[in-house]
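Report on the structure given below.
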Amino acid sequence: MCRSKLGLRASAVLENIRVVLVNTSHPGNIGGVARAMKNMGLSRLVLVDPQDFPSSEAVARASGASDILDGAQIVETLEQALVGCNLVMGTSARDRRIPWPMYDPRECGVAACEQAAQGAQVALVFGREYAGLTNEELQRCHFHVHIPSDPQFSSLNLAAAVQVLAYEVRMAWLAAQNRPAKQVKVEALDEQDGQPVTVDEMESFYSHLEQSLVAIQFLDPAKPRHLMSRLRRLYGRSAVTKLEMNILRGILTETIKAARGEHQGRSKADV
Ligand code: SAH
């Protein structure tokens with residue numbers, strides 16, 4: 001089990017991060033937020049005076065993340081939503097008149113994870129669909145986070161904005177555990193497919209290739225130039241597997257037959 005420096009379980013780190021939605025009008029957006037959170041391993045949703053919740057539309061948009069909706073805490077004020085928080089980051093699509101310490105989404109993800117791993121309670125605060133957060137609400141936040149969208153069209157859908165930050169939190173959380181973000185894919189194809197070819201198989205391939213290039217008159221044996229060296233360099237970079245080699249050899253065999261006019265006119269590809 002992965003633990004933070006303080007000995008917190010990795011999943012407990014994410015439990016210390018809450019998403020706070022202020023005065024949301026559309027229940028569908030609340031559902032979309034629940035889904036975005038669950039995808040990224042976040043579970044604590046706090047709704048400040050939602051206009052229409054609970055709602056079947058929220059459940060529909062949550063598509064399977066209704067446990068997050070069921071567990072959502074509903075409060076009347078932002079102040080109540082932030083009780084016990086040590087770090088509050090508020091999001092805004094627009095520049096505000098009073099300059100405030102700013103984070104980009106990546107910095108926000110890293111700060112959230114670092115603090116949460118120390119046992120701090122972290123809040124990510126999102127505003128109303130039609131008007132965002134008020135200046136007063138933003139001034140309750142330690143940092144402002146702006147997603148660097150196109151200034152001509154800067155406002156993201158609420159659930160999309162939550163998705164961006166939740167993703168950054170997850171990336172920082174994975175990095176803190178030295179867990180790769182890339183899934184290691186074991187190709188469960190043909191047994192043969194994963195196996196690299198041997199150098200001698202490559203050599204037989206090169207002579208077969210040369211033979212076919214001569215047959216189709218692409219290579220002039222009297223003037224070979226650097227063609228074969230260049231093709232060796234190309235295929236040498238490709239980490240050809242045994243299955244791929246069978247395909248290449250099949251193509252060459254058919255190419256030679258075609259050049260000699262022996263073609264049957266039937267596809268041999270069986271891949
Ligand atoms: N019309 C509002 C935008 C509201 S979008 C305004 O002008 O402020 C709803 C919420 O999504 C915002 O309050 C904010 O929390 C989040 N959001 C949307 N776009 C964002 C962006 N580019 N950066 C940060 N947060 C954003």
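Atoms within each ligand, like the ligands themselves, are counted from 1 in listed order. Any value given below was found using the heavy atoms of this structure, including those in side chains, with hydrogens, waters and symmetry copies removed.
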Heavy-atom nearest neighbour of atom 4 (C) of ligand 1 within options E137, H146, R128, H144: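 Of the listed residues, R128 has the closest heavy atom.
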
Enumerated ligand 1 atoms positioned under 4.0 Å from heavy atoms of [X]:
X	value
S155	3 (C), 4 (C), 5 (S), 19 (N)
Y130	1 (N)
V145	24 (C)
S149	22 (N)

Distance to 0.1 Å, residue and atom name: give those for the protein heavy atom nearest to [atom].
atom	answer
atom 15 (O) of ligand 1	T91 OG1, 2.6 Å
atom 24 (C) of ligand 1	S92 O, 3.2 Å
atom 2 (C) of ligand 1	G132 N, 3.5 Å
atom 21 (C) of ligand 1	A93 CA, 3.6 Å
atom 8 (O) of ligand 1	R94 NE, 3.1 Å
atom 19 (N) of ligand 1	L156 N, 2.9 Å
atom 11 (O) of ligand 1	A161 CB, 3.8 Å
atom 12 (C) of ligand 1	G127 N, 3.9 Å

Backbone of A81 reached by a side-chain donor or acceptor of Q73 within 3.5 Å: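 A pair under 3.5 Å: no.
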
Considering all heavy atoms of both residues, which atom of [X] and which atom of [Y] are nearest to each other, and what is their separation?
X	Y	answer
V169	A112	CG2-CB, 4.3 Å
L47	A72	CD1-CB, 4.1 Å
W100	C141	NE1-O, 2.8 Å
A62	A34	CB-CB, 4.3 Å

Please determine if [X] and [Y] form a salt bridge, counting it only when a charged side-chain N lies under 4.0 Å from a carboxylate O.
X	Y	result
E137	R128	yes
K38	D67	yes
E210	R232	no

Within-cut-off N or O pair, S154 and ligand 1, under 3.5 Å: yes

Student check: side-chain heavy atoms of D104 and E107 closer than 4.5 Å: yes

